[in-house]
Amino acid sequence: MSETLPHEGGVILPGGPGEAMSVEIRDGGLVTQEMNLNIGPQHPATHGVLRVVIDLDGEVIVRARPVIGYMHRGFEKLAEARDYRQIIALVNRHDWLSAFCNELGVALAVERLMELEVPERAQWIRVLMSEWNRILNHLMFIGSFGLELGAITPVFFSFREREDIQSFLESATGGRLHFTYTRVGGLKEDLPAGFLDASRQMAATMRSRNDEYRQLLLGNEIFQARTKGVGALAPDVAVDYGVTGPTLHATGVAEDVRLSEPYCVYDELDVKVPVRTNGDSYDRFVVLLDRIDASLDLIEQVHEGLPAGPVNRKMPKTVKAPEGATYVRTENPLGQGGYYLVSDGGKTPWRMRMRTPSFSNIQMVPELLEGSLLSDMIAILGSVYFVVGDVDR
Amino acid sequence: MAAPSLPGSGLLKGLGLTFKTMLSPATTAQYPHVKPELPPRTRGVIALMEENCTVCMLCAKECPDWCIYIDSSKETVPVEGGRTRTRNVLDRFAIDFALCMYCGICVEVCPFDALFWSPEFEYAEYDIRELTHEKERLREWMDTVPPPPPLEEGAVPPAEIEAGIAAARKEAEEAVAKAKAAAEGGGEPEAEGPQIDEELFARLVAEGTPERAARAKAKAAFVKAQKRREREQGGDQ
């Protein structure tokens, strides 16, 4: 503080370089000045280029405003100039941590417009891939949340598993992050020999590893002190803001598209939705761990029930969706994803609107941050799960 | 969690796991020294089988990034006893890997199997212009293309691949049978090229039909007769 700032009716804070600062307390108590602080757009705690402008009163956040748009790439507009196969490669990239779930949403939308029946086997493999993708995504957030709170080990653990999972997903899809495995009318190609064995083995390993994460972090007193009761979200506020996914489940609302509007073969499977009640950072983290277990249950069910048959329908050379509009909801790892597809009968959509979970989740960041301490900001931002590419699109 | 028995016990439990992991073997990939074993479907680099390319431009049209550059020219091919034909010649085929997003659409749309994925990935450059691989470089990648993996149990191979395999098998069997017959029959050379029905040709020319038309008719008649013979032979078996 190099200059003395006059403050109406308050204290004068003297102090300059080399000068000790003394605060005079008058009858009204200590009056401090609000300080405006920019967090980001480049900040290790923000998962990408999110900027949060906060006003601080001492250490308490008075106002918080997320500034988005630094990663806006215009996906919705780009989609209007691309045919459906190209769109599948495109939507892999807005939420790079849930690539398969995104492309599945687009494929489902086009298939619904065309009234296509997708082969049974393709639907089961789609479920298998979505669930592995969900685990990949959650592992990322489990690792990074520990990292943000100062624990460096969880990220090593979770990336070890991510590496293994990515390797065997690569053997089927050819990609490690951008799978581009779905096609309108089925899948790109069937699984390679040995994939199911690798998947079974990984599922067993993952179960024991998930217990390790619990052992590593949940009992930790520092972790508990920093997350329990921090950034508690009320269920009605969450629903008002359109919050979905693990962030919503932590508040006690068990809304899940896989149950409320099943797609693929989720209606034939036993889908468990883990729910916690407090809605604070700790519960949001525990829900992630529980969701991994729930996904592993689904994966094991797919291993049991995967039928034989083709994975593809015979499709015309150029896929054209008939005139009309449809909205498809899918349960993406971070929450509810949706594609509103309007077609005028051509080979590109007339308009494709995306509903991305991160965008809705980030809306209630001011709600959580206002009134909390600056030091809790990272615990809150790290546990409201979002990907900035998914926010800005 | 467990009842707070001792302050810091939860922390120690976590640290215990860390310590246990420290004693277990490392999972670090020793990358530059040990090359990773990548599955055959890995999208590493695109290889071009130049001989198969017919310059149909489908890959360049379908590419979402427009990073495939194709130049072609027409070449006239004289055909003996017929009109000269024109043929597309591939002058330039380049993929700019600085732009490519590795979606694999070009490989998928190629109707003549000229493009393939190879798991090779070590082609980083100091100069971005070097990332545009011309057709000679793309042809070299062909040597690294692995065969496609067998499919998982319960999978139905695509119809066109099954048909292709069946056709190739049949062709191979026929070639073997032919070679065997040739070896047994003392190497009697078979007539090559299109044959014509000489009798009909002579008659048509005598009747005043132009020679080219007469030749075509005679050829058609010969092929028809040959097919009938083959059918009869097939019926006997």
Side-chain angles (χ1 to χ4, degrees), chain A residues 78 81-83 85-90 92-93 119 121 125 151-154 156-157 160 163-164 167-176 178 180 183 188-197 211-224 306-312 314 317, chain B residues 1-2 4-22 24 26-29 36-44 58 61-66 101-109 111 117-119 121 148-161:
Chain A
L78 285 172
R82 271 157 179 76
D83 67 28
R85 179 161 34 195
Q86 294 174 337
I87 288 174
I88 282 172
L90 182 73
N92 261 285
R93 287 157 167 83
R121 185 177 170 89
I125 296 176
I152 203 170
T153 320
F156 295 150
F157 278 53
R160 177 184 62 189
E163 192 65 30
D164 292 349
S167 294
F168 81 81
L169 289 186
E170 188 183 17
S171 73
T173 64
R176 297 168 65 80
H178 302 310
T180 330
R183 290 291 177 276
K188 188 178 160 207
E189 49 198 338
D190 210 305
L191 302 172
F195 180 87
L196 286 181
D197 280 339
D211 291 335
E212 284 187 7
Y213 300 136
R214 288 199 170 84
Q215 192 188 340
L216 194 64
L217 271 179
L218 292 189
N220 191 323
E221 282 81 4
I222 304 170
F223 182 79
Q224 289 185 3
L306 184 66
V311 289
N312 243 318
K314 195 143 179 58
K317 264 225 166 76
Chain B
M1 297 308 103
S5 49
L6 254 169
S9 62
L11 177 64
L12 286 177
K13 214 168 122 193
L15 285 177
L17 182 70
T18 315
F19 188 71
K20 213 174 79 192
T21 311
M22 199 176 81
S24 62
T27 50
T28 319
E37 264 184 53
L38 293 170
R41 283 185 188 172
T42 299
R43 300 198 292 264
L58 266 179
K61 267 185 238 160
E62 279 290 318
C63 176
D65 296 335
W66 303 294
M101 65 177 195
Y102 299 87
C103 62
I105 287 176
C106 53
V107 178
E108 207 177 317
V109 296
W117 276 114
S118 154
F121 60 94
L151 295 181
E152 186 63 84
E153 207 179 315
V156 178
E160 67 269 21
I161 291 180

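In what follows, chains are A, B, ... by sequence order, proteins preceding strands, each numbered from 1.
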Most heavy-atom pairs under 4.5 angstrom with chain B, which of [options]?
| options | answer |
| --- | --- |
| A:Ser167, A:Ala151, A:Pro310 | A:Pro310 |
| A:Ser171, A:Pro192, A:Ala308 | A:Pro192 |
| A:Arg121, A:Gln215, A:Arg160 | A:Arg121 |
| A:Pro119, A:Ala172, A:Pro307 | A:Ala172 |
| A:Leu196, A:Thr153, A:Ile222 | A:Leu196 |

Is chain B contacted by the side chain of [X], its backbone, both, or neither, given a heavy-atom distance below 4.5 Å?
| X | answer |
| --- | --- |
| A:Phe157 | side chain |
| A:Arg85 | both |
| A:Arg93 | side chain |
| A:Asn92 | neither |
| A:Lys188 | side chain |

Just by modelled atom types, is the B:Thr42 backbone N or O under 3.5 Å from a matching donor or acceptor in the A:Arg176 side chain?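 Pair absent, no side-chain N/O of A:Arg176 close to backbone of B:Thr42.
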Just verifying a value: how many Å separate [X] [atom1] and [Y] [atom2], rounded to the nearest 0.5 Å?
| X | Y | atom1 | atom2 | answer |
| --- | --- | --- | --- | --- |
| B:Leu17 | A:Arg214 | CG | CZ | 13.5 Å |
| A:Ile88 | B:Cys103 | CD1 | SG | 11.0 Å |
| B:Lys13 | A:Leu218 | NZ | CG | 9.0 Å |

Given a strict heavy-atom distance threshold of 4.5 Å, which part of [X] is in contact with chain A: side chain, backbone, both, or neither?
| X | answer |
| --- | --- |
| B:Glu62 | both |
| B:Ile105 | side chain |
| B:Leu12 | neither |
| B:Thr21 | side chain |

Would you say that B:Leu151 contacts A:Glu189 through its side chain, given a criterion of any heavy-atom pair below 4.5 Å between the two side chains? no
Side-chain contact, heavy-atom cut-off 4.5 Å: A:His178 with B:Met101?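 In short, these two side chains do not touch, never coming nearer than 4.5 Å.
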On a heavy-atom basis, the closest approach of B:Arg41 and A:Leu191 is NH2-C, 4.2 Å
May I have the step-by-step check of side-chain contact (heavy atoms from CB on, under 4.5 Å) for A:Thr180 and B:Arg43, ending in yes or no? CA-CA 11 Å; A:Thr180 330; B:Arg43 300 198 292 264; 3.6 Å; yes
